[in-house]
Amino acid sequence: MKYLEAIRLALGEALAEDPRVFLYGQDIAGTFGGAFKATKGLTERFPGRVLNAPISEDAMAGLAVGAALEGARPVVEFQFGDFATIAFNQFVNHAATTYWRTGRSVPLVARLPVGGTPGGGPFHCQMPEAWLSHHPGLVVVAPATVADAYFLLKDAIACQDPVMFLEHKYLYYHLEADFDPRRAEHLGLGRAAIRRPGTDCTLISYSGMVHEALKAAEMLSQQHDIEVEVIDLRCLRPLDTETILASIARTGRCVVATEAWPFGGIAAEVLSVVASQGFRWLDAPPVRLCAEDVPVPFHPDLFAAHHPDAERIADLVLETVRF
Amino acid sequence: MKYLEAIRLALGEALAEDPRVFLYGQDIAGTFGGAFKATKGLTERFPGRVLNAPISEDAMAGLAVGAALEGARPVVEFQFGDFATIAFNQFVNHAATTYWRTGRSVPLVARLPVGGTPGGGPFHCQMPEAWLSHHPGLVVVAPATVADAYFLLKDAIACQDPVMFLEHKYLYYHLEADFDPRRAEHLGLGRAAIRRPGTDCTLISYSGMVHEALKAAEMLSQQHDIEVEVIDLRCLRPLDTETILASIARTGRCVVATEAWPFGGIAAEVLSVVASQGFRWLDAPPVRLCAEDVPVPFHPDLFAAHHPDAERIADLVLETVRF
Amino acid sequence: MDTSTRITHLKWMILGRALDDRLAKLKAQGEVPGSVFQGRGQEAYSAAGAMFLKRGDCYAPLIRDTAGRLVFGDFPLEAIRTHIGRRTGRMKGRDGNIHRGDPDLGLLPMISHLGAMISVVNGTLLAKRLTGRLADHVGLVSIGDGAMNTGATHEALNQAAVERLPLVVQVADNQVAYSTFSDRTYACRDLVDRAVGYGMGSLTCDGTDADACLATMHEAIARARCGEGPQMVVAKLLRLAGHGTHDDAAYVTDEMKSRFGDCLQLAERTLKVQGVIDESGIAALWDEARASIQVAVTQALAEPIPVAADEDWCAYSERNLTELRA
Amino acid sequence: MDTSTRITHLKWMILGRALDDRLAKLKAQGEVPGSVFQGRGQEAYSAAGAMFLKRGDCYAPLIRDTAGRLVFGDFPLEAIRTHIGRRTGRMKGRDGNIHRGDPDLGLLPMISHLGAMISVVNGTLLAKRLTGRLADHVGLVSIGDGAMNTGATHEALNQAAVERLPLVVQVADNQVAYSTFSDRTYACRDLVDRAVGYGMGSLTCDGTDADACLATMHEAIARARCGEGPQMVVAKLLRLAGHGTHDDAAYVTDEMKSRFGDCLQLAERTLKVQGVIDESGIAALWDEARASIQVAVTQALAEPIPVAADEDWCAYSERNLTELRA
Ligand SMILES: Cc1ncc(C[n+]2csc(CCOP(=O)(O)OP(=O)(O)O)c2C)c(N)n1
Ligand SMILES: Cc1ncc(C[n+]2csc(CCOP(=O)(O)OP(=O)(O)O)c2C)c(N)n1
Ligand SMILES: [Mg+2]
Ligand SMILES: [Mg+2]
């Protein structure tokens, strides 16, 4: 099953299991089934519950807030996560604040296709998690595996709080795994996963970058006998600081690799937690490897240089281990 | 001179010195002179160059981008920084990316009244710097003193890059200082200031929180003989990591205090820089004290508890020094 | 409109005015930490909209809707509590003044960002429709001349039209947005000219004429109820107060003032002239309003303020999500 | 319109079509990293707008404006470079395809967020006015039926009307926004009905009729030039391609196709029937277009790609600001 198919499966099951669920987004209805085809076939199965939205991201988010307050379970698809800037206000000032201000939950899910693909350019490759997670009140999720794409989406739809669900565009079709939802194990919302145990260094990432981290870990094991513990955050907000700190306590070293810009990103938050709460365990400076600090470039060569990859992650881990 | 008067002075001088400068914002024109009176008297002195805008923050920001591209020097006033969420897209995707994408600078200034006042509540007290500084391309400035309110605003208007200028609402009328612009010394854009030298711990803050930091330093000196070095960041993006790291090298300890939420905020960024680049000098975990992680409360008692103050800052410094 | 509706309308107008006045006084007395915004001059229009709502409808008032809120189920005690920041009441001192609301009642607690409430009302209506509970329910949303120009308003009005939702948008063109006159806010002849561009029904009325307000809002809401799709109502009137009590509104010209009467004075006069109510009847309404407000003030002032130490400072409703935070 | 204008118009339409076709072919050949969007069916309208612009005007085209861009000063080599990501040209491989532009020319490089360009054009016009350089200059901005519903569009159109800027907004109602038909995009009779709500002048035309496009855009731009304030033009037509080359547009129905012709075929036929140009004259225009594009393709393919090691990865133009970063 592909990552995208896992998302479609979760959407279909949620629609089938819970009559309160409906889907709303640009071009998601009918035979077209969305820019990335996540909702293909769902209109036929659930007529009237998969609705096309006008190009009005603010109103899409606002409608979801209202529907959630009214007891529905709206799942809103954005065509690209980059366009969530337009809905930023409804997300952080409305969805995120309502529970604290009024005691009423706002159970909505916003599905945001994020991350880079070569040739995507500055406005179709961004990672929005930094600005979606600063304000208190939103749950921010970023599945890296096929199983998580399925389970975390089901969890997100069941969650009482508003969830920003970040789907990596590159993984949609490029990530495939054997996966049986009735058998697979699954960690709940809010927990990080140790994707590969190790003793020499903790390597933290999420979303598409997890696969580069795993490649780096494999390279280091093969070439340098270094055993890296790879953590996939899964849920960025709230952050599973317990799992992170427990790992640092074992390894004494920390590298964070993300596809996002560095300044104030998730990597910065992780490093602050590690530095302030894990200081006593650290044998080397905790460091991060993020995207270059300019818009995401269009040309594939620039794009490749802009994004961290397994090699550069491995280099940084090596430097950290040898500190 | 009051903080607000320093801003008005800078605006008046900029208008007088540079015919390309104009002001645009809600309720800033005429005898009214803005919600906080920053532009009072300027319409009379510069007719036609102080323009009222409709309640259209996205279009306000977009107009500024266009005017800047056309060679003007727009200074846009937002009524509250909280409403910059609406202009977020034009700021981060348009103003911030244009130079890198096209080689053309976008010299605009957005003046954002930020920060908490008791009774202001969840939508009139926010600190927007985290989400304005994550994307590359914006300069983010947050003056804490009367002199900086004046000099940094003049610098911002002269700057070739788009500047987000964060003015603290509480300081508008509550901060007053003897200040002669022709005599005062002044650090340029991009440099942090050491507001009080010290040897035992580096205490970093910006905007309104600098005054609590200075109070905390004074308390610690008087009561505990602890000499804290207080750094006022002044410019949040780019961050003056040189000054920060040099101070940490001297003191070996670091506390960051901000009025913003913790997650992925400026404090997180500073801690990451300090942990990753200043690790060898650290004798204690670098830590932060931020606002409580919920919307800014309306009631003054909750508001007071929500925001860090001198006492709590001092406690954390003490803990850090005694680590 | 029948006599009892007109008298009820007057009663709500008076209660709204009296409550706003009392809130202003509480502000002057130092009891209110934040701002006080008043609906003075807009009571007739505001109350008229809410009067034709029923249980199960949704209402999103704005800063000038003290009267409409009261009609819909807000009450003086809750209004005062929220202004003075008591921990009793829905907002518990966490949010204040005109941000109060009660989602359980269908009274949406506004956020400050103008225009943001409309799509939220759309969402409540769409959710009702999808889950088979819409029946003849409607949503009513209030908006000012200034806020008509936010992108959020536009997206939401178009959205309501595309979904053919039973939304009534009640536009109060009170000549100013804070200090800014309409000529710097919009350039069309009348804001109602926007309705056709959304494909909405539309109505206008004199916002200072209580009977016109009643008839017009009655008609608009009836149309929405019977499936004619979203409706836009635009009334012209004048804000007879500052933007908030902190604002002396010196910028409002005498010419502007000369063009608009006070809806409440006008209503009292008309009803008296028509023999619907007499001087003492009106005085009784005022006495009753003031008395009930005085009771509420006394109680609210005696209620406890929030205690920081009791707060759990958690923005999530799913507590298990936060237990993980170190 | 005079004969030479009509022939020039045809020439630009042909060049636009030929360039789009060549870009699609380059995409099929694997030379284009990103998407290719085409203006097929919209060339007459797009070119007509830009033809009445002059040096010093500002133009913000969108994804279907290959033709209009060429008229205004974009050229095939720049278009191809930007699509295939060469470091030559304005965008240096940093941004691609329809994001190209040249602010020095007044050709604004679009960002993807629909509606965002309009207020930027307003800004250029206001800046010109404030610094005394406006004279009779105008700004032209292109927008689709779908993008008319973004908040950004609304705020900017109202802003232009309030400032009475010489803005012409050229709406191409091509029946679809990606796969979404107009009935899920707007509910008014015609998008031109929005003009009155902004207080703008308005015009409509058949977007498949080249002469109508010329006459209408000429009139709209002339009105803006002589101080009549912003103008909205709405043309109906059909996108005769997928949203991008990746999209087979299977959702476009035969009924829709039967209602709209191909502006280019129609123009060729009309001009032939009227004896303005003959078959060989048209063939010559095509040959010329294809030849010039072939030269550009050959050159662009030979041009160097960007080199990551040469990048300074810095988003600030003030280099001193970044020197401080450790
Ligand atoms: C998006 C946004 N921008 C600015 C403000 C600040 N603000 C609050 S009320 C107001 C004026 C509103 O005018 P109008 O919509 O005409 O309503 P009125 O006050 O006249 O009832 C402004 C500018 C806001 N609340 N939201
Ligand atoms: C704010 C925003 N939301 C979504 C998109 C994705 N998107 C790109 S083009 C398009 C359809 C545009 O339709 P229309 O405005 O009618 O223009 P057309 O493609 O028909 O020329 C969409 C949804 C976008 N670019 N910007
Ligand atoms: Mg108003
Ligand atoms: Mg279209």
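First the proteins, then the strands, lettered A, B, ... as listed; each starts at 1.
Of the inter-residue distances, the one linking C:Arg87 atom CZ with B:Asp301 atom CG reads 11.0 Å to the nearest 0.5 angstrom. B:His306 NE2 to C:Arg94 CZ: the interatomic distance, rounded to the nearest 0.5 Å, is 10.5 Å. Atom-to-atom distance recorded for C:Cys314:SG and B:Asp293:CG is 8.5 Å, nearest 0.5 angstrom. Separating the OG1 atom in C:Thr82 from the NE2 atom in B:His299 is a distance of 12.0 Å, to the nearest 0.5 Å. Note that OH of C:Tyr178 and CD1 of B:Ile55 are 11.5 Å apart. Values are rounded to the nearest 0.5 Å. With values rounded to the nearest 0.5 angstrom, B:Asp27 atom CG is found 9.0 Å from C:Asp247 atom CG.
With chain C as partner, the option from B:Asn52, B:Asp82, B:Leu51 having the largest number of non-hydrogen pairs under 4.5 angstrom is B:Asn52. Of the listed residues (B:Phe32, B:Phe303, B:Phe80), the one with the most heavy-atom contacts under 4.5 Å to chain C is B:Phe32. No other option in C:His243, C:Arg184, C:His99 has as many heavy-atom pairs under 4.5 Å with chain B as C:Arg184. Here C:Gly96 is the residue among C:Gly96, C:Ser35, C:Ala308 with the most heavy-atom pairs under 4.5 Å with chain B.
Here the side chains of C:His113 and B:Thr85 are in contact, with some heavy-atom distance below 4.5 Å. Side-chain atoms of C:Ser112 and B:Phe83, non-hydrogen and from C-beta on, do get closer than 4.5 Å to each other. Counting only heavy atoms from C-beta outward, the side chains of C:Pro33 and B:Phe298 approach each other to under 4.5 Å. C:Lys92 places none of its side-chain heavy atoms less than 4.5 Å from the side chain of B:Leu302. With a 4.5 Å cut-off on side-chain heavy atoms, C:Asp95 and B:Phe123 count as touching.
For a residue to count as touching a neighbouring chain, one of its non-hydrogen atoms must lie under 4.5 Å from one of that chain's; by this rule C:Thr153 does not touch chain B. Both the backbone and the side chain of C:Ile111 have a heavy atom closer than 4.5 Å to some heavy atom of chain B. Contacts of C:Thr185 with chain B are made by backbone atoms alone, with heavy-atom separations under 4.5 Å and no side-chain atom involved. Looking at C:Tyr251, the atoms closer than 4.5 Å to chain B (heavy atoms on both sides) all sit in the side chain, from C-beta outward. Residue contact with chain B, scored on non-hydrogen atoms closer than 4.5 Å, is absent for C:His154. Contact annotation for B:Ala35: both backbone and side-chain heavy atoms come within less than 4.5 Å of a heavy atom of chain C. Both the backbone and the side chain of C:Ala177 come within contact range of chain B, each with at least one heavy atom under 4.5 Å from a heavy atom of that chain.
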- Message: Using side chain to side chain contact (heavy atoms under 4.5 Å, CB included), reason through B:Gln26 and C:Thr180 one step at a time and then give a plain yes or no.
- Response: CA-CA 8 Å; B:Gln26 286 150 28; C:Thr180 303; 5.6 Å; no
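Checked by atom type, the side-chain pair B:Ser56/C:Asn149 shows no donor-acceptor distance below 3.5 Å.
The number of heavy-atom neighbours closer than 6.0 Å to NZ of B:Lys169, taken from other residues, nucleotides and ligands shown, is above 12. Within 6.0 Å of the OH atom in B:Tyr170, the count of heavy atoms belonging to other residues, nucleotides or ligands does not exceed 12.
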